[in-house]
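Here's the structure, in structure tokens; my notes come after.
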Amino acid sequence: QLQLVESGGGLVQPGGSLRLSCTTSEATLDYYAIGWVRQAPGKERERISCINSSDDNSYYTDSVKGRFTMSRDNAKNTVHLQMNNLKPEDTAVYYCTATAIFGECGADYESWGQGTQVTVSS
């Protein structure tokens with residue numbers, strides 16, 4: 001398992017933007033499918049996005065499609081989640097996750113970060 005570190009969470013007004021980042025010092029993230037999973041208070045964890053290891057295709061759940069975008073910065077060994085037009089219902093703890101090496105989206109996540117809080121409120 002990898003030790004993943006998230007950053008970039010915070011408090012933002014509705015309609016605002018945040019960019020979450022995920023990195024590790026233990027491996028090259030480009031070899032892993034990376035996903036973001038969020039958990040809102042009183043709700044189950046929800047897979048919201050994923051980027052493949054092989055072709056960098058990304059996938060999004062319907063509730064964030066068109067607003068959230070994943071990308072890789074391989075020079076910095078970092079994966080980003082750009083979140084635009086944020087809504088109060090996006091409020092949650094956001095976890096960076098990774099599959100096994102050379103895994104693809106849809107596989108089980110083997111590694112999890114500690115989570116970063118995103119709060120969308122006026």
Side-chain angles (χ1 to χ4, degrees):
Q1 295 184 350
L2 302 177
Q3 184 174 7
L4 302 173
V5 179
E6 305 102 333
S7 61
L11 173 64
V12 64
Q13 292 186 343
S17 297
L18 284 174
R19 188 177 76 163
L20 304 184
S21 299
C22 175
T23 190
T24 183
S25 61
E26 299 177 350
T28 300
L29 286 183
D30 196 31
Y31 296 157
Y32 298 78
I34 303 298
W36 288 92
V37 176
R38 69 185 180 186
Q39 187 167 24
K43 295 188 177 181
E44 294 186 354
R45 285 182 174 177
E46 176 188 22
R47 291 188 174 206
I48 61 169
S49 64
C50 182
I51 188 167
N52 271 341
S53 63
S54 60
D55 55 16
D56 282 352
N57 282 341
S58 55
Y59 304 90
Y60 305 90
T61 194
D62 286 346
S63 62
V64 307
K65 200 172 294 182
R67 300 187 298 123
F68 291 10
T69 304
M70 288 190 71
S71 62
R72 295 185 185 270
D73 183 346
N74 291 333
K76 296 182 179 180
N77 200 35
T78 298
V79 174
H80 297 295
L81 178 67
Q82 178 67 41
M83 306 187 296
N84 297 329
N85 190 21
L86 283 160
K87 304 175 181 182
E89 51 263 42
D90 294 318
T91 295
V93 177
Y94 284 70
Y95 298 91
C96 176
T97 62
T99 62
I101 192 168
F102 305 127
E104 298 289 27
C105 294
D108 290 338
Y109 293 130
E110 296 193 349
S111 301
W112 292 71
Q114 80 285 355
T116 186
Q117 177 70 45
V118 171
T119 303
V120 185
S121 175
S122 55

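From Glu46, atom CD reaches atom CZ of Arg38 across 4.5 Å, with rounding to the nearest 0.5 Å. Taking OG1 of Thr23 as the start and CD of Gln3 as the end, the distance is 11.0 Å to the nearest 0.5 Å. Put simply, CE on Met70 and OH on Tyr60 are 6.5 Å apart, with the number rounded to the nearest 0.5 Å. The CG atom of Leu4 lies 9.0 Å from the CD atom of Gln114; values are rounded to the nearest 0.5 Å. Atom-to-atom distance recorded for Asn84:CG and Leu18:CG is 9.5 Å, nearest 0.5 angstrom. Distance SG/Cys96 to CH2/Trp112: 10.0 Å, rounded to 0.5 Å.
There is a path of hydrophobic side-chain contacts, each under 4.5 Å, that joins Ile48 to Met83. Cluster membership for Leu20 and Ile51, using ILVMFWY side-chain heavy atoms within less than 4.5 angstrom, is shared. If you chain together hydrophobic residues whose side chains sit under 4.5 Å apart, Tyr31 and Val5 never meet in one group. Linking Ile, Leu, Val, Met, Phe, Trp and Tyr residues whenever their side-chain heavy atoms come within less than 4.5 Å leaves Val118 and Val93 in two separate clusters.
Counting heavy atoms from C-beta on, the side chains of Ile101 and Tyr32 come closer than 4.5 Å. Taking the side chain as every heavy atom from C-beta outward, Asn74 and Thr28 never approach each other to under 4.5 Å. The closest side-chain heavy-atom distance from Leu11 to Ser121 is below 4.5 Å. Pro14 has its side chain within reach of Pro88: a pair of non-hydrogen atoms, C-beta onward, lies under 4.5 Å apart.
Open room surrounds CZ on Arg19; 12 or fewer heavy atoms of other groups in view lie less than 6.0 Å from it. For Phe102, the CZ atom is densely surrounded, since the number of other residues' heavy atoms within 6.0 Å is greater than 12.
Val37 approaches Tyr109 most closely through the heavy-atom pair CG2-CE1, 3.9 Å. Summarising the geometry of Asp90 relative to Asn85, their closest heavy-atom pair is OD2-O, 4.5 Å, with the distance given to 0.1 Å. The two atoms that bring Asp108 and Arg47 nearest to each other are CA-NH2, 3.9 Å, heavy atoms only. The shortest heavy-atom contact between Thr91 and Val120 is OG1-N, 2.9 Å. The minimum heavy-atom distance linking Leu29 with Arg72 is given by the pair O-NH1, 2.8 Å. The two atoms that bring Ser53 and Ala33 nearest to each other are CB-N, 3.6 Å, heavy atoms only.
Remark: the Ser54 side chain and the Glu104 side chain contain an N/O donor-acceptor pair separated by less than 3.5 Å.
Aromatic ring pairs are classed by plane angle as parallel below 30°, tilted from 30° to 60° and perpendicular above 60°; the pair Phe68 and Tyr94 is tilted.
When each of His80, Glu6, Lys76 is tested with Ser21 by the rule side-chain hydrogen bond (donor to acceptor under 3.5 Å, both in side chains), just one qualifies, namely His80.
Looking at Asp62 and Lys65, a side-chain N of the basic residue comes within less than 4.0 Å of a carboxylate O on the acidic one, giving a salt bridge.
Although no hydrogens or angles enter the test, the distance criterion places no donor-acceptor pair under 3.5 Å between the side chain of Gln1 and the main chain of Ser111. In this structure, the side chain of Asn77 engages the main chain of Ala27 through a donor-acceptor pair within 3.5 Å.
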